[in-house]
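The block underneath contains the structure these notes are about, expressed in structure tokens.
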Amino acid sequence: MKHALSTTRTQNFADWYQEVIAEADLAEESGVRGCMVIRPWGYGIWERIQKLMDAQIKMAGVENCYFPLFIPLSFFEKEADHVEGFAKEMAVVTHHRLKSINGKLTPDPDSKLEEPLVVRPTSETVIGAAMSRWIQSWRDLPMLTNQWANVVRWEMRTRMFLRTSEFLWQEGHTAHADKAEAMAETLRALEMYRAFAEGPLAMPVVAGEKPENERFPGADATYSIEAMMQDGKALQAGTSHYLGTTFAEAAGIRYQDKDGGLQLCHTTSWGVSTRMIGGVIMVHGDDDGLRCPPQIAPQQIVIVPMLRDNDEDAAVIDYARALASELRGLTAFGEPVRVLLDTKAIKASNKRWAWVKKGAPLIVEVGPRDVAGGNVAVIRRDRLYTADGKLSSAITARGDFVAAASATLDDIQSSLYSEAKARLEAGIRRDVTDLAAHYAGDEKIVGWVEVQWARPTGDALDAIVQQLKTLKITMRNAPLDAAPADGPCFFTGEPAVERILIGRTY
RNA sequence: CGGGGAGUGGCGCAGCCUGGUAGCGCAUCUGUUUUGGGAACAGAGGGUCGCAGGUUCGAAUCCUGUCUCCCCGACCA
């Protein structure tokens, strides 16, 4: 069967991934290492994510604010683990002026900064400094803030959307009176992410706690949502951290309690990034490109008029316009339906394939015959082909299509989810006794393994991590909704305390 | 950051070894004929060969440096 992309997922998943990004006009290289240009269709998806996530964040009583891109180096020196975690990947600004020296623009040696500025890799330190000013009394708590921003981490190896040097994200930072409240907030954010991934992104995930060795630098506990890509690898799609009093100590975030005593705050931080878009591609994409879940599709219904450069065109355009405005009057997922009438002057069949590659959920073709018959030809992106391998275009009465459009979008959203959910469940094995045999070879799609373990720490944990490393696998998280442990630790034989997922990862 | 591969019109590539006017396919533009399952023919436009030095009468080609991308490793909220 002929497909829209030249590389299929089974041929070469990595090449396929890059081809989807290029062919769906999501992003392109920028000429700067690890940085990408996010094109309108890709950014449109991010805007959808922002809009829906922002509403969730606000609903939780968290307020948006904005902190500077530049962070004084000294801020990082206040917290040892945090510096160590980020020191190797920070971009540093050392000068504030350029000068032409021998015809070459060079940082002016005379403009060296007294104190170098770090381009934020994350904002715990600056926001902590602000919170120490904002919080005086128990009445100021909880302090719930969030910012939408770009951050820079000088990564050794980059991949579009999955790991870029600069990326866009949302970082929530909260301060609380005690551990219980902070932990509740940490888990609230995690649950918000789980629901967001499984709702708007139609991307099933496993929410759980990261093992000690995978924690955020400076955190007491780190939680994540992990999604399974179609090649069986795990993608950490969101994280939430309980930071204890570590950052409160470093930044002096204290409050006076009801008894007049001075207490340290317990803080949290949590974030999701443009990496989610990479996850959507690898969870929902097929050999014809992206399949964009309707809730995050910049356009949900694209109308392609079959224009032939003759006097029938006017009637077709009128019909298409009327259809578009009728559809725009509908709601789906509680919002007005997003409809694009694509009047670009290119051949309709090429236009159709361009939208297939971009993953528009519904592509509606209207031509003279439809105008005459009062029909539309409907292509569902999640069911592109008929059983015998032909493109599935259903001639439908216009009124019937309009009446069902919202429900159809809903159905596409849930069918994408169901398909991915089935794959995730089938991809987790709980009966594996020999990891080395299970993960032998690089080509197989092997998914994840869940084992019981005693949650060792220190050297014992290091030994396990090293053992897994030889198999190129890591511990993902200990699922919060897993069955209680009831056997021996997979690694040590001691009584297990929880179950943990293991797999290859992005 | 170490090892390997690669950078030549928008995309995919040839040319490089053995230096001598920069080519092919797709895409684009114009025209004609077409048109409901990725149209055909004819003509046309578009590249200082990633960038910077060097060797040479002459460099896409040889040498040095550098940037970017891909794969493997190390690293990685």
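The analysis underlying the following values was restricted to heavy atoms, covering all of them including side chains, and did not include hydrogens, waters or symmetry mates. We name chains A, B, ... by the order of the sequence lines, and we start the count at 1 in each one.
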task = Could you check which of B:C69, B:C71, B:G37 has an atom nearest any side-chain atom of A:R33?
result = B:C69

inquiry  = At 4.0 Å (heavy atoms only), tell me whether A:P368 reaches a base, stays on the sugar-phosphate, or touches nothing.
reply    = base

inquiry  = Students often get this wrong, so: under 4.0 angstrom with heavy atoms, is A:S269 touching a base, only sugar-phosphate, or nothing?
reply    = nothing

query = With ring centroids as reference points, do A:Y43 and A:W41 lie under 6.0 angstrom apart?
reply = no

key: Derivation of the side-chain hydrogen bond (donor to acceptor under 3.5 Å, both in side chains) call for A:E124 and A:S269   = CA-CA 8 Å; A:E124 274 76 5; A:S269 68; 2.6 Å; yes

ask   = Given the P atoms of B:G15 and B:U61, what is the spacing between them in whole Å?
value = 15 Å

query = Which part of the nucleic acid does A:A14 contact within heavy-atom distance under 4.0 Å: base, sugar-phosphate only, or nothing?
reply = sugar-phosphate

ask   = For A:E249 and A:T245, does a side-chain donor sit closer than 3.5 Å to a side-chain acceptor?
value = yes

ask   = Quick one: on RNA chain B, does A:Y506 or A:V371 contact a more 5' nucleotide (nearest heavy atom)?
value = A:V371

inquiry  = Does A:F167 reach a base, just sugar-phosphate, or nothing at all? Heavy atoms under 4.0 Å.
reply    = base

key: Presence of A:K88 side-chain N/O under 4.0 Å of B:C1 phosphate oxygens OP1/OP2   = no

A:K472 side-chain proximity, nearest of B:C72, B:G38, B:C69 = B:C72

task = Give A:A4 one of three labels, base, sugar-phosphate or nothing, depending on what nucleic acid heavy atoms sit under 4.0 Å from its own.
result = base

ask   = Given the P atoms of B:G65 and B:G45, what is the spacing between them in whole Å?
value = 41 Å

key: Rounded P spacing from B:A6 to B:A42 in Å   = 36 Å

request  = With a 3.5 angstrom cut-off on both distances, give the Watson-Crick or G-U wobble partner of B:C17, or none if there isn't one.
outcome  = none

Who pairs with B:G45 - Watson-Crick or G-U, where each distance is under 3.5 Å = none

ask   = Regarding A:S224 and A:Q236, is there a side-chain donor-to-acceptor distance under 3.5 Å anywhere?
value = no

task = Look at A:D342 together with A:K344 and state whether they make a salt bridge at an N to O cut-off of under 4.0 Å.
result = no

key: Whole-Å C1' distance, B:G9 and B:U28   = 11 Å

ask   = With sugar-phosphate meaning primed atoms plus P, OP1 and OP2, does A:S224 contact a base, only sugar-phosphate, or nothing at under 4.0 Å between heavy atoms?
value = nothing

remark   = Taking a pair to mean Watson-Crick or G-U wobble geometry with both distances below 3.5 Å, B:A27 pairs with none

query = Picking from B:C69, B:C76, B:G37, which would you name as closest to the side chain of A:E89?
reply = B:C76

query = Is there a Watson-Crick or G-U wobble partner for B:G36 with both distances under 3.5 Å, and which nucleotide is it?
reply = none

query = In whole Å, what separates the P atom of B:G37 from that of B:A44?
reply = 33 Å

query = Considering only side-chain heavy atoms of A:K469, which listed nucleotide, B:C75, B:C69, B:C76, is closest?
reply = B:C75

task = Give one of base, sugar-phosphate or nothing for A:D370, where a contact means two heavy atoms less than 4.0 Å apart.
result = base

task = Starting from C1' on B:U28, measure out to NZ on A:K344 and report it in whole angstrom.
result = 11 Å

inquiry  = So A:R275, base contact, sugar-phosphate only, or nothing? Heavy-atom distance under 4.0 Å.
reply    = nothing

ask   = With respect to the side chain of A:M156, which nucleotide from B:G38, B:C69, B:A74 is positioned closest?
value = B:A74

ask   = B:G3 and B:G46: how far apart are their P atoms, nearest whole angstrom?
value = 43 Å

ask   = What do you reckon, is CH2 of A:W154 surrounded by more than 12 foreign heavy atoms closer than 6.0 Å?
value = no

inquiry  = Can you tell me which nucleotide in B:G73, B:G37, B:G36 comes closest to the side chain of A:R157?
reply    = B:G73

task = Have a look at A:E365 and say if it touches a base, only the backbone sugar-phosphate, or nothing, with a 4.0 Å heavy-atom cut-off.
result = base

inquiry  = Using Watson-Crick or G-U wobble geometry with both distances under 3.5 Å, which nucleotide pairs with B:U64?
reply    = B:A52

request  = Give one of base, sugar-phosphate or nothing for A:G31, where a contact means two heavy atoms less than 4.0 Å apart.
outcome  = sugar-phosphate

ask   = Which residue, A:N350 or A:P217, contacts RNA chain B at a nucleotide closer to its 5' end, judged by nearest heavy atom?
value = A:N350

request  = Determine which nucleotide pairs with B:A59, using a 3.5 Å limit on both distances of a Watson-Crick or G-U wobble pair.
outcome  = none

task = For A:G373, answer base if it contacts any base atom (sugar-phosphate contacts may also be present), sugar-phosphate if it contacts only those atoms, and nothing otherwise; contact means non-hydrogen atoms under 4.0 Å.
result = nothing

query = A:F13 has an atom CZ; how far is it from atom C1' of B:C72, in whole Å?
reply = 19 Å

query = Under 4.0 angstrom, heavy atoms only, what part of the nucleic acid is A:K351 near: base, sugar-phosphate, or nothing?
reply = nothing

request  = Could you check A:R383, A:R9, A:R381 and say which one makes a salt bridge (charged side-chain N to carboxylate O under 4.0 Å, His left out) with A:D286?
outcome  = A:R381

request  = Would you indicate, yes or no, if B:U34 has its OP1 or OP2 atom less than 4.0 angstrom from a side-chain nitrogen or oxygen of A:R308?
outcome  = no

inquiry  = Taking only the C1' atom of each, what is the distance from B:C24 to B:G47 in whole angstrom?
reply    = 14 Å

message = If you compare every side-chain N and O of A:S349 against the phosphate oxygens of B:G36 (OP1, OP2), does one of them come in below 4.0 Å?
response = no

request  = Let me know the distance between CZ of A:F216 and C1' of B:C75, rounded to the nearest Å.
outcome  = 17 Å

task = Using the ring of A:Y242 (Phe, Tyr or Trp, six-membered ring only), decide whether A:R215 places NZ or CZ under 6.0 Å from its centre and within 45 degrees of its axis.
result = no

task = Ignoring backbone atoms, establish whether A:R159 has a side-chain N or O less than 4.0 Å from OP1 or OP2 of B:C70.
result = no

task = Once you apply the 3.5 Å cut-off to both distances, tell me the Watson-Crick or G-U wobble partner of B:C1, or none.
result = B:G73

request  = Could you work out the separation of B:C13 and B:C29 based on their C1' atoms and round it to a whole Å?
outcome  = 23 Å

query = Looking at A:W270, is A:R188 sitting on its ring face, NZ or CZ under 6.0 Å from the six-membered ring centre and within 45 degrees of the normal?
reply = yes

